[in-house]
Visitor: 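Questions regarding the structure given below will be posed in turn.
We're numbering straight along the sequence, starting at 1.
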Amino acid sequence: MSFPLLTAVAVLPAAGAILTAAVPAARRTAAKWLALLVSLGTLVLAAIVLVRFEPGGDRYQLTESYAWIKDFGVRYELGVDGIGVVLVALTALLIPFVIVAGWNDADPLETKSKRWRPTQGFFALILMVEAMVIISFEATDVFLFYIFFEAMLIPMYFLIGGFGDRAHAGTDEAAATQRSYAAVKFLLYNLAGGLIMLAAVIGLYTVTGTFSLSEIAEMRAAGTLEMSTNIERLLFLGFFFAFAVKAPLWPLHTWLPNAMGEATAPVAVLITAVVDKVGTFAMLRFCLQLFPEASKWATPVVLVLALISIVYGALLAVGQRDIKRLVAYASISHFGFIILGIFAMTSQGQSGATLYMVNHGISTAALMLVAGFLISRRGSRLIADYGGVQKVAPVLAGTFLIGGLATLSLPGLAPFVSEFLVLVGVFAAYPVVGIIATTGIVLAALYVLVLYQRTMTGPVKAEVSGMPDLKARELAVVVPLIVMLVGLGVYPKPLTDIVNPAVTHTMHDVNKQDPKPEVEAAK
């Protein structure tokens, strides 16, 4: 039997989480280093998976399949296609940066309420989220995917509700209440989506007699899959609702600004750059593959919702006074682009959407983590409390600018490539939708540049006059992310070579071909 590499990538952070949580309370520095070493080990395994993956090979590779719950047809089945493998790599790549950025975020803090911040628990929860997200990207059994799709909510709930910005932690009862509210809202929204999905998962088994993606694909290819149009549409809606909550898609998005606003900056990155990608990934793997006709039937409505997300998220970002909530609303707009690319049903759109998931993860991590370093120095998330930072902390201001420019998809930075591909794919199939979507680009330039102007330029405010610049630990987080933004912006071919064959399979699932440009014949 070959080495179960996909299992190892998920088991290592899960085992690391248990070991980190078991470190004695007095050895919190040891717990941090243990968590970091585990995350780096996971990154090495993910890199091996990426290297061993053959873009021109089978659709699902490095597969593992074992009987699990025989009476219900549940199997432990794993496999990665080009889309899943790059998202596994993204997750493993970002977690070490999240850990280093949050190095001091959970240290014990003496407050009026004498609240203890459990360092070991903070890093253990991060590793547990990593394990659950990775196995979600690998699962090819629907029931197995559902278990971890739901289970990741529990550690995220404690990360949001139990750890807030150090400027507020334990000193303000109102702040503690807001964190609890954000955590409960996150949990309830996602649990509601998950419960509806559970009904759809059971319905899928009732119709097909299996949870295996490969078996369902074989039944469809052989013409033995009996699923009526109405049943397929109902099952699609059950799956899509859960994924739209996770994504998040308007109008199911309202939990995200609260969660990102109240969480620490590293946890906010974990939410939007890692966990939320499971929703958009699942639309490609499960909605389009299991319910192709229903996906095409729902496309007009989904495109409208995605357009609303793009414009609505960008408009609210323009009007924000809170730095972290601004990034949250910008992410809602970006997820609108991702979903738009998926349901444009063109190869350019779906390739762009997959690249967008990766590039948005890197760009949001860069911007949010630098914003977190800024907030930790001043102790405020309000834009109005800053001014002239670039004069006292030029490196911080410069990295903040690059993260912002990546967020608005400046040419030469990674998000531009993905956004361009999404728009090309959308214009080819739905020109009017593409025209409306471009307004999100204009609004992105507005909210990013206004944010930079108000915080970094102008007279130096007294409260920021003594602000220190980025330190070595913080540079170790930000510089590699910026290098990746530039590298993938200039040369995205390594990613597109992996992603494109998987997109071809997805296009075949929905029986769609790229529209040919209408060229007037020469006279």
Visitor: Taking the side chain as every heavy atom from C-beta outward, state whether Ile338 and Ile342 have any atom pair closer than 4.5 Å.
Guide: yes
Visitor: Looking only at atom types and distance, does a side-chain atom of Thr399 sit under 3.5 Å from a main-chain N or O of Leu396, one as donor and one as acceptor?
Guide: yes
Visitor: Would you find a donor on one side and an acceptor on the other, under 3.5 Å apart, between the side chain of Gln320 and the backbone of Ala317?
Guide: no
Visitor: Between Arg285 (side chain only) and Phe137 (backbone N and O only), is there a donor and an acceptor less than 3.5 Å apart?
Guide: yes
Visitor: To check you understand the geometry: which heavy-atom pair defines the closest contact between Val448 and Gly404, and what is its length?
Guide: CG1-O, 3.3 Å
Visitor: Taking C-beta and beyond as the side chain, do Ile332 and Trp250 meet within less than 4.5 Å on heavy atoms?
Guide: no
Visitor: Compute the centroid of each ring, for Phe145 and then for Phe211, and state whether the two points are separated by less than 6.0 Å.
Guide: no
Visitor: Is the His334 ring parallel, tilted or perpendicular to the Tyr356 ring (thresholds 30°, 60°)?
Guide: tilted
Visitor: Would a distance-only check, ignoring hydrogens and angles, find a side-chain to backbone donor-acceptor pair under 3.5 Å from Tyr386 to Ser380?
Guide: yes
Visitor: Would you confirm whether Asp141, through its side chain, and Glu77, through its main-chain N or O, come within 3.5 Å as a donor-acceptor pair?
Guide: no
Visitor: For the CG atom of Leu410 and the OG atom of Ser363, what is their distance to the nearest 0.5 Å?
Guide: 12.0 Å
Visitor: Give a yes or no answer on whether the side chain of Gln120 reaches the backbone of Ala22 with a donor-acceptor pair at less than 3.5 Å.
Guide: no
Visitor: Do any N or O atoms from the side chain of Ser333 and from the backbone of Tyr329 form a donor-acceptor pair under 3.5 angstrom?
Guide: no
Visitor: Between Ala131 and Ala10, which heavy-atom pair has the shortest distance, and what is it?
Guide: CB-O, 3.2 Å
Visitor: Say whether Tyr447 and Thr407, considering side chains only, have a donor N or O and an acceptor N or O under 3.5 Å apart.
Guide: no
Visitor: Mind checking what makes salt bridge (charged side-chain N to carboxylate O under 4.0 Å, His left out) contact with Glu150, not counting sequence neighbours?
Guide: none
Visitor: Does any donor atom in the side chain of Thr7 or Tyr76 lie under 3.5 Å from an acceptor atom in the other side chain?
Guide: yes
Visitor: Above 12 or not: heavy atoms from other molecules or residues under 6.0 Å from CZ of Arg27?
Guide: no
Visitor: Could you pull out the closest heavy-atom pair between Ala242 and Phe149, with the gap in Å?
Guide: O-CZ, 3.8 Å
Visitor: Let me see the working for Thr42 and Ile134 under side-chain contact (heavy atoms from CB on, under 4.5 Å), right down to the final yes or no.
Guide: CA-CA 10 Å; Thr42 305; Ile134 286 175; 3.9 Å; yes
Visitor: Are Tyr312 and His253 close enough that their ring centers fall under 6.0 Å?
Guide: yes
Visitor: Could you go step by step and tell me if Val133 and Glu130 meet the side-chain contact (heavy atoms from CB on, under 4.5 Å) rule?
Guide: CA-CA 5 Å; Val133 170; Glu130 179 183 22; 6.0 Å; no
Visitor: Assess the pair Phe240 and Phe343: is the distance between their ring centroids shorter than 6.0 Å?
Guide: yes
Visitor: Only one of Ile308, Leu307, Val301 passes side chain to side chain contact (heavy atoms under 4.5 Å, CB included) with Val304; say which it is.
Guide: Ile308
Visitor: Would you find a donor on one side and an acceptor on the other, under 3.5 Å apart, between the side chain of Ser309 and the backbone of Leu249?
Guide: no
Visitor: From Leu256 CG over to Arg325 CZ, what is the distance, rounded to the nearest 0.5 angstrom?
Guide: 9.5 Å
Visitor: Got more than 12 heavy atoms from elsewhere within 6.0 Å of OH, Tyr181?
Guide: no
Visitor: Return the minimal non-hydrogen interatomic distance between Leu485 and Ala366, and the atom names on each side.
Guide: CD1-CB, 4.2 Å
Visitor: Looking only at heavy atoms, what is the nearest atom pair of Val100 and Val477, with distance?
Guide: CG1-CG2, 3.5 Å
Visitor: Quick check for you: to the nearest 0.5 Å, what is the distance between Lys32 atom NZ and Thr29 atom OG1?
Guide: 5.0 Å
Visitor: Near Phe158 CZ, under 6.0 Å, is it more than 12 heavy atoms from other residues, nucleotides or ligands?
Guide: no
Visitor: Backbone N or O of Thr272 within a donor-acceptor pair of the Lys277 side chain at under 3.5 Å?
Guide: yes
Visitor: Just distance, no hydrogens or angles: give the donor-acceptor pairs under 3.5 Å from side chains in residues 87-99, sequence neighbours left out.
Guide:
| unit_1 | atom_1 | unit_2 | atom_2 | d |
| --- | --- | --- | --- | --- |
| Thr91 | OG1 | Leu87 | O | 2.9 |

Visitor: Taking it one step at a time, do Val38 and Phe123 satisfy side-chain contact (heavy atoms from CB on, under 4.5 Å)?
Guide: CA-CA 11 Å; Val38 169; Phe123 293 101; over 6 Å; no
Visitor: Between Glu262 and Lys185 (salt bridge meaning N to carboxylate O under 4.0 Å), is one present in this structure?
Guide: no
Visitor: Quick one, Leu401 with Met456, criterion side-chain contact (heavy atoms from CB on, under 4.5 Å). Give me CA distance, side-chain angles, the key distance, then yes/no.
Guide: CA-CA 9 Å; Leu401 177 62; Met456 302 296 165; over 6 Å; no
Visitor: Which atom names give the shortest non-hydrogen contact between Ala314 and Leu443, and what distance separates them?
Guide: CB-CB, 3.5 Å
Visitor: Where the side chain of Arg378 meets the backbone of Asp385, is there a donor-acceptor pair that is under 3.5 Å apart?
Guide: yes
